[in-house]
Amino acid sequence: MGDVITRGFKSVIARKNAGSASSYLIEENFEGTGTPTGWAVLAGTPDFGYTTTVIDGTKSLSLANAAAQAQASFTAGDERFGYFRFRMDSFGNTPFLLNDVAGFGFRARVLTTGKIRIWNDAGSELITGALTLTINTVYNYWFRIKKGTGANAEFDSYVSTSTTKPSADASTTGGDMTNQVSEMVVDVNVGSTNLIMDSVLISATDIGSNPWSI
């Protein structure tokens with residue numbers, strides 16, 4: 001299976017496109033029991049078996065307060081692609097981060113305005129997307145990151161209520177991240193926000209529309 005780290009149990013076999021599994025470094029839908037293989041609790045009590053108003057299947061990941069923080073580790077590389085589905089009940093500067101072993105990396109954050117802001121390694125280039133999100137709405141999110149050699153690292157951010165991949169909502173081409181990333185950290189940052197996630201993919205190759213065949 002190459003460098004595939006983990007894949008979640010599938011509640012519906014047809015959800016994943018045939019022939020795509022070998023490219024996934026992380027493939028998790030939280031249908032298993034306990035902390036998924038390849039994931040870790042960094043702080044608080046992330047709920048990997050959340051069953052109230054799930055996004056897909058019978059379980060999702062819930063991060064319900066500022067102390068809840070989870071991390072998925074994967075094989076490092078110069079360029080990484082990702083996808084997940086998420087819903088929030090309020091907006092409170094909620095981030096996810098793609099880090100190297102030293103803890104620096106790419107970051108996307110849902111601002112209190114409902115817009116997604118992306119940046120890279122200490123905020124060298126901040127770009128805010130055009131789309132304004134709505135609370136309690138399920139969004140599909142794709143990203144592409146590529147480390148640079150100076151001020152040329154790249155980050156593309158895509159978001160839609162549809163599983164059809166749209167054009168990028170925000171992009172950077174001048175960030176200063178020069179290290180490979182090897183982990184994704186998700187948290188809510190503030191106590192009043194509940195972040196629900198599902199259908200997480202990290203890949204060494206591009207992820208297109210509807211990768212889980214939902």
Inset, instruction - May I ask you to check whether S157 and Y141 show a side-chain donor-acceptor distance below 3.5 Å? - result: yes
Inset, instruction - Go through the structure and list residues passing ring-ring contact (aromatic ring centres under 6.0 Å, His included) with Y139, not counting sequence neighbours. - result: F86
Inset, instruction - Return the set of residues passing side chain to side chain donor-acceptor pair (under 3.5 Å) with E183 (not counting sequence neighbours), or none when no residue passes. - result: none
Inset, instruction - State the CG-CD1 distance between N194 and I135, to the nearest 0.5 angstrom. - result: 12.0 Å
Inset, instruction - Answer with yes or no whether the side chains of S213 and N210 bring together a donor and an acceptor at under 3.5 Å. - result: no
Inset, instruction - May I ask you to check whether W39 and F74 place their ring centers less than 6.0 Å from one another? - result: no
Inset, instruction - For this output row, return yes or no: ring centroids of F96 and F143 closer than 6.0 angstrom. - result: yes
Legend entry - salt bridge (charged side-chain N to carboxylate O under 4.0 Å, His left out) partners for D206, two or more places apart: K165
Which atom pairs, one a donor and one an acceptor, fall under 3.5 Å between side chains of residues 104-113 and the rest of the protein, sequence neighbours left out?
{"residue": "R109", "atom": "NH1", "partner": "N93", "partner atom": "O", "Å": "2.5"}
{"residue": "T113", "atom": "OG1", "partner": "K115", "partner atom": "N", "Å": "3.4"}

Inset, instruction - Mind checking the CG-CG spacing from L195 to L63? Nearest 0.5 Å is all I need. - result: 5.5 Å
Legend entry - Side-chain (Y50) to main-chain (T52) donor-acceptor, under 3.5 angstrom: yes
Legend entry - Pair Q71, S73: side-chain N/O donor-acceptor within cut-off below 3.5 Å: yes
Inset, instruction - Go through the structure and list residues passing salt bridge (charged side-chain N to carboxylate O under 4.0 Å, His left out) with D156, not counting sequence neighbours. - result: R144
Inset, instruction - Report the residues that fulfil side chain to side chain donor-acceptor pair (under 3.5 Å) with T163, sequence neighbours left out, ordered by chain and then residue number. - result: none
Inset, instruction - Would you tell me whether T164 and S209 have side-chain atoms, one donor and one acceptor, within less than 3.5 Å of each other? - result: no
Legend entry - Any donor-acceptor N/O pair, D198 side chain to R85 backbone, under 3.5 Å: no
